[in-house]
Amino acid sequence: MILYNSITRKKEPFTPLDPKHVKMYVCGPTVYDRAHIGNARPVVVFDVLFRMLKHLYDTVTYVRNITDIDDKIMTAAAKKQVSIQHITTENTRFYNEDMTALGALPPTQTPKATEHIQEMIQMIEDLIQKKFAYAKDGHVVFDVERNNTYGKLSRLNLDDQISGARVEVAPYKKNPQDFVLWKPSDDTQPGWDSPWGRGRPGWHIECSAMVKKHLGKTFDIHGGGIDLIFPHHENEIAQSECCHDGSPFARYWMHNGHLIVNGEKMSKSLGNFFTVEELRDTYAGEAIRLTLLSAHYRQPLDWRPEVVAQSTAILDRFYTALEGCPDAPGTVSDAFLNCLKDDLNVPEALSQLHTMVSNIHKEKDLFQKQTLQRNCKASANLLGLLESTAENWFQGTESDDVLWIEDMIEKRHQAKKNKDFKEADTIRDKLREKGILLEDTSNGTTWKRK
RNA sequence: GGCCGGGUGGCAGAGUGGUUAUGCAGAGGACUGCAACUCCUUGUACGCUGGUUCGAUUCCGGUCCCGGCCUCCA
């Protein structure tokens with residue numbers, strides 16, 4: 001497999017440190033609110049990577065953290081007059097529900113920041129002892145000047161940070177670029193005892209601590225949104241590599257492009273976002289997923305309703321091709337796999353899928369057709385698509401009106417037999433009003449919900 | 001000011017130094033009682049401008065426009 005590595009800015013052949021065991025970490029959510037569709041893009045993108053890696057290697061450990069201590073959570077709790085734990089457990093549950101609806105597999109592990117406070121404190125102590133960090137006024141701050149490789153991921157030159165940039169001036173920092181590892185908490189704020197008094201961790205140290213615990217000092221792939229390159233990932237590298245005496249941190253860095261709306265970045269601070277929850281009310285989870293996969297993961301993706309409608313139309317066609325697909329395993333197409341091996345070229349893989357679907361429709365021999373169907377399904381499954389059945393996709397799982405539908409179809413059948421086409425069309429129109437579309441085939445009439 | 005992406009047919013979106021994906025939508029046809037599904041046919045697009053080349057959408061330069069990052073962010 002070939003992957004684009006953000007730190008070298010080149011496509012590189014991927015070779016895991018342990019040829020039988022790939023280790024991957026992706027930055028997960030800060031659980032202060034419901035996920036928006038932009039939060040879902042990295043989840044779906046790295047879910048495809050996870051599926052690919054599992055297909056190609058014996059063992060894959062995929063860690064995605066839950067950040068459940070953060071000032072945004074504190075603000076949300078205060079605003080809603082509920083406990084912090086209420087906010088975090090509820091939003092964690094919502095997050096998992098939303099991502100499951102988008103067809104994302106659960107990662108191997110989903111560690112929580114609050115369950116790794118001791119590990120963070122230990123790393124911070126190491127960094128102080130090695131003189132990469134200093135304590136002042138209850139804060140512990142990373143000393144960027146002591147880290148001479150600082151900036152290697154983002155390639156930002158510290159001296160060039162001039163006007164236009166927001167540079168925080170905090171009294172406890174030696175340099176404006178220094179970032180906080182630990183900060184003090186007052187009695188109203190959540191906090192843990194530490195060598196520097198009661199306090200809580202800064203933003204970046206949680207990921208370093210959880211990576212170290214679950215994947216070790218050096219691991220294979222670190223992923224996240226492109227906006228995390230600076231400062232989050234840059235700071236993770238600094239903390240971890242300084243703490244580990246220069247042992248390399250992630251070997252491959254992967255960043256997904258932003259989701260945009262009407263040409264503008266979608267973000268909570270701009271207010272131009274859709275939550276996954278509200279989109280799920282309108283569209284099938286799988287259609288949302290296909291839309292998120294419609295552009296290459298490193299490209300920006302413009303979220304527009306027409307594209308989701310297009311994705312739905314594509315899935316209709318795909319599932320039509322899978323009607324009668326036996327429930328048996330198939331083989332992933334080589335042409336399809338090769339697309340994905342080239343830095344997850346999903347759009348090109350999808351075009352292979354279209355070819356397969358077309359061949360299924362044209363195949364007359366039933367046995368051949370079923371083989372093609374199984375292989376098509378196996379291929380699509382690598383993208384987390386076509387995991388349902390045609391019946392479920394078209395007819396849904398609610399069944400209270402199925403008897404009525406079948407009754408109407410039978411009545412129409414009788415009318416057609418009597419050449420009473422007017423009555424037959426009346427019945428069909430009546431069903432259409434209820435969102436039921438009929439299709440006459442050589443084996444009788446089938447129906448779909450629209 | 002610094003750093004980084006991107007501009008492809010009505011729309012979405014890959015890719016490539018020359019045979020110019022793929023899909024959605026549209027048009028025509030076949031099938032059908034009529035439809036739907038499906039099948040067949042149909043679309044020479046790569047911001048502008050120089051250069052390199054036999055040949056550039058693809059390489060190089062310039063230029064215009066759009067977007068992102070520069071400590072809230074996926």
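Just so we're on the same page: letters track the sequence lines, and every chain starts at 1.
- Separation of the P atoms belonging to B:C65 and B:G23 is 37 Å when rounded to the nearest angstrom.
- For the pair A:R304 and A:D440, nearest-nucleotide mapping onto RNA chain B gives the more 5' position to A:R304.
- Defined by atom type and a distance below 3.5 Å, a donor-acceptor pair is missing between the side-chain atoms of A:Y172 and A:D178.
- For A:K72, the listed nucleotide lying nearest its side chain is B:C73; candidates were B:U22, B:C4, B:C73.
- On the C1' atoms, B:C60 is 11 Å away from B:A56, given to the nearest whole Å.
- Judged by closest nucleotide on RNA chain B, A:H361 is the one of A:H361 and A:D178 placed further toward the 5' end.
- B:U8 and B:C59: their P atoms are spaced 16 Å apart (whole Å).
- Rounded to whole Å, the separation between the P atoms of B:U57 and B:G18 comes to 11 Å.
- If you measure from atom CD of A:E236 to atom P of B:C73, you get 12 Å, rounded to the nearest angstrom.
- We find that CG of A:N256 is positioned 20 Å from P of B:C4, with the value rounded to whole Å.
- Atom CD1 in A:I226 sits roughly 12 Å away from atom P in B:C4 (whole-Å rounding).
- Using atom P as the reference point in both B:A45 and B:G9, the two lie 10 Å apart (nearest Å).
- Following rounding to the nearest Å, A:E348 (CD) and B:G23 (C1') show an atom-to-atom distance of 13 Å.
- When rounded to the nearest whole Å, the span between CG of A:D302 and C1' of B:G5 equals 15 Å.
- Within 4.0 Å of A:G224, counting heavy atoms only, lie sugar-phosphate atoms of the nucleic acid but no base atom.
- A donor N or O paired with an acceptor N or O is found under 3.5 Å between the base of B:G23 and the side-chain atoms of A:Q310.
- Here B:U38 presents its P atom at 18 Å from CE of A:M356, a figure rounded to the nearest Å.
- Taking atom OH on A:Y32 and atom C1' on B:C72, their separation rounds to 8 Å, with Å as the unit.
- Taking the six-membered ring for Trp and the full ring otherwise, A:F249 and A:F219 have centroids separated by under 6.0 Å.
- Comparing the C1' positions of B:G7 and B:C40 gives a spacing of 35 Å, expressed to the nearest Å.
- The closest donor-acceptor contact from the side chain of A:E323 to the backbone of A:A390 lies at 3.5 Å or more, if one exists at all.
- One finds a side-chain N or O of A:K362 lying less than 4.0 angstrom from the OP1 or OP2 phosphate oxygen of B:C40.
- Counted by atom type alone, A:E90 and A:Y95 present zero donor-acceptor pairs between their side chains at under 3.5 Å.
- Using atom C1' as the reference point in both B:U19 and B:U58, the two lie 15 Å apart (nearest Å).
- Residues from residues 276-292 of chain A with heavy atoms under 4.0 angstrom of RNA chain B: there are none.
- With a 6.0 Å cutoff to the six-membered ring centre and a 45° limit on the axis angle, A:K10 does not count as a cation-pi contact of A:Y4.
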Could you provide the dot-bracket string of RNA chain B, using ( ) for intrastrand pairs, [ ] for crossing pairs and | for bases paired to another strand, with Watson-Crick or G-U pairs below 3.5 Å? (((((((..(((.....[...))).(((((.......)))))....(((((..]....))))))))))))....
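- To the nearest 0.5 angstrom, A:F14 atom CZ is 6.5 Å from A:L3 atom CG.
- In the set B:C39, B:A14, B:C69, the nucleotide with an atom closest to the side chain of A:H296 is B:A14.
- A distance-only check finds no donor-acceptor pair linking the side chain of A:N5 to the backbone of A:E12 [under 3.5 Å].
- Minimum atom distance to the side chain of A:E439 is reached by B:A36, of the listed B:C34, B:C4, B:A36.
- B:G51 and B:C66 have their P atoms separated by 28 Å, with the value rounded to a whole Å.
- Ring-centre distance between A:H222 and A:H255: not below the 6.0 Å cut-off.
- With distances taken from any side-chain atom of A:S351 to the nucleotides B:A21, B:C39, B:C24, the minimum falls on B:A21.
- Using a 4.0 Å heavy-atom criterion, one finds that A:H258 contacts the bases of the nucleic acid, with or without backbone contacts as well.
- Evaluation of atom-type donor-acceptor distances gives no pair under 3.5 Å for the side chain of A:D316 against the base of B:C24.
- With B:A74, B:C4, B:A12 as the choices, the nucleotide that has an atom nearest any side-chain atom of A:R9 turns out to be B:C4.
- Using modelled atom types and a 3.5 Å distance limit, the side chains of A:S311 and A:T291 yield a donor-acceptor pair.
- In this structure, A:Q189 contributes its side chain and A:D186 its backbone to a donor-acceptor pair below 3.5 Å.
- Note on A:W447: every side-chain N or O is 4.0 Å or more away from OP1 and OP2 of B:A36.
- No side-chain donor-acceptor contact under 3.5 Å links A:H233 and A:H204.
- In plain terms, the two heavy atoms of A:N65 and A:P29 that are nearest each other are O-CD, 3.4 Å.
- Put simply, CZ on A:F230 is 14 Å from C1' on B:C73, counting in whole angstrom units.
- Counting only distance, with no hydrogens or angles, the side chain of A:N175 and the backbone of A:Q177 share no donor-acceptor pair below 3.5 Å.
- Relative to the ring axis of A:W404, A:K434 places its NZ or CZ within 45° and under 6.0 Å from the centre.
- A:I260 comes within 4.0 angstrom of nothing in the nucleic acid, heavy atoms only.
- If you check every strand for non-hydrogen atoms under 4.0 Å, A:Q299 touches sugar and phosphate atoms only.
- Annotation: proximity of residues 411-438 of chain A to RNA chain B (heavy atom, distance under 4.0 Å) is found for A:R412, A:K416, A:F421, A:D425, A:R428, A:L438, numbered in ascending order.
- For A:N345, the listed nucleotide lying nearest its side chain is B:A14; candidates were B:A36, B:A14, B:C73.
- Formation of a donor-acceptor pair under 3.5 Å by the A:E234 side chain with backbone atoms of A:K152 is found in this model.
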